[in-house]
Amino acid sequence: MATSNNVQVSVLGLGAMGSALASALVKAGYATTVWNRSPRKADALVAQGAQAAATAGDAIRASGLVIACLLDHASVHEVLDPLSPELAGRTLINVTTTSPAQSRELAAWAAQAQIAYLDGGIMAVPHMIGRPGSSILYSGSADVFHQYKPMLDLWGTSTYFGDDAGLASLYDLALLAGMYVMFAGFLHGAAMVAPAGVTAGEFAAMAAPWLTAMTGGFEGFAAVIDGGDYTVEGQQSLEFSDLGHLLAASSDQGISTEVVAMVQRLVQRQIDAGHGKEGFARIIESIKQPG
């Protein structure tokens, strides 16, 4: 099991997130080497006790464990491809934001280069690292995850999804999809009440507890979806869920209807297909099968 006494770790990429990850390691007593294309970004970490590497190669040679937190998938290959011989026999944990397909491609690249590989999706912003609410999702090598879990837990709650390296990214992006659509719904509501002189702050005070309470419906939707029966009792029907009144009110307020219209289209497709008496959860079929 990895502890701060027996692990040397190198962090490649010192943007806001990479710096936060490295800082947590230094504060926990890990021997940490850092590298960034712009060397000055390492100054604050060096002041905390990190060692700065002049090149990415120097950083890799300094440690058996390498953390990549770079700009994107292309950046990972740009930095690491020339150094794959140096990485052979070492461990790479990549927390750069990538798609599931890109994560799987990196895992295959790492396997060919004899690099132990773990992929991570960070469900936090930099200032949350090491604090309650920070969560990081992992997939890929189970051995790597379990060996370094005490270190990974410094950053946030660590959850492992299996050896398919793309699953952490898939969960990450799926959760973000829910978040961004929710944010858009809140902003639509704030835009609706603004012409009536209601501030966004006043609306937020009403919206936050309401939306929090509504998340309690997720488990019910999930049970219906997993059961495959949208006719079970106790559901709000698609016909009752028609959002025409919301569209009309939005237009009357002089604002865009695109956010609500998106949901209305998903509802209407199922009604048009003869499923109007079935539950609202059925719109997942509209999402699964694009029209």
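The closest side-chain heavy-atom distance from Gln235 to Glu278 is not below 4.5 Å. With a 4.5 Å cut-off on side-chain heavy atoms, Trp109 and Leu80 count as touching. In this structure, the side chains of His77 and Leu106 come closer than 4.5 Å at one or more pairs of heavy atoms.
Rounded to the nearest 0.5 Å, atoms CG (Leu154) and NZ (Lys27) are 11.5 Å apart. Note that CG of Leu87 is 11.5 Å distant from OH of Tyr117, once rounded to the nearest 0.5 Å.
Contact between Ala191 and Pro195 at its shortest, heavy atoms only, is O-CD, 3.1 Å. Nearest heavy-atom pair, Leu83 versus Ala56, reported as atom, atom and distance to 0.1 Å: CD1-CB, 3.7 Å. In terms of heavy atoms, Asp153 sits closest to Ser158 at OD1-OG, 2.7 Å.
Taking the six-membered ring for Trp, Phe186 and Phe203 have ring centres closer than 6.0 Å.
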I would like to know whether Ser19 and Lys41 meet side-chain contact (heavy atoms from CB on, under 4.5 Å); could you show each step before the answer?
CA-CA 8 Å; Ser19 293; Lys41 286 194 174 182; 5.6 Å; no
Would you sort out whether Arg269 and Asp272 count as a salt bridge (Lys or Arg N to Asp or Glu O under 4.0 Å), showing the intermediate values?
CA-CA 5 Å; Arg269 279 174 51 199; Asp272 291 345; over 6 Å; no
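Listed by chain and residue number, nothing satisfies the ring pair (Phe, Tyr, Trp, His ring centres under 6.0 Å) test with His275 (two or more places apart in sequence, or in another chain).
Within the hydrophobic cluster formed by Ile, Leu, Val, Met, Phe, Trp and Tyr side chains joined at under 4.5 Å, directly or through other members, Leu71 stands alone, with no partner residue.
Between the Ser139 side chain and the Asp164 main chain, a donor and an acceptor come within less than 3.5 Å of each other.
More than 12 heavy atoms of other residues, nucleotides or ligands shown are found within 6.0 angstrom of CE on Met179.
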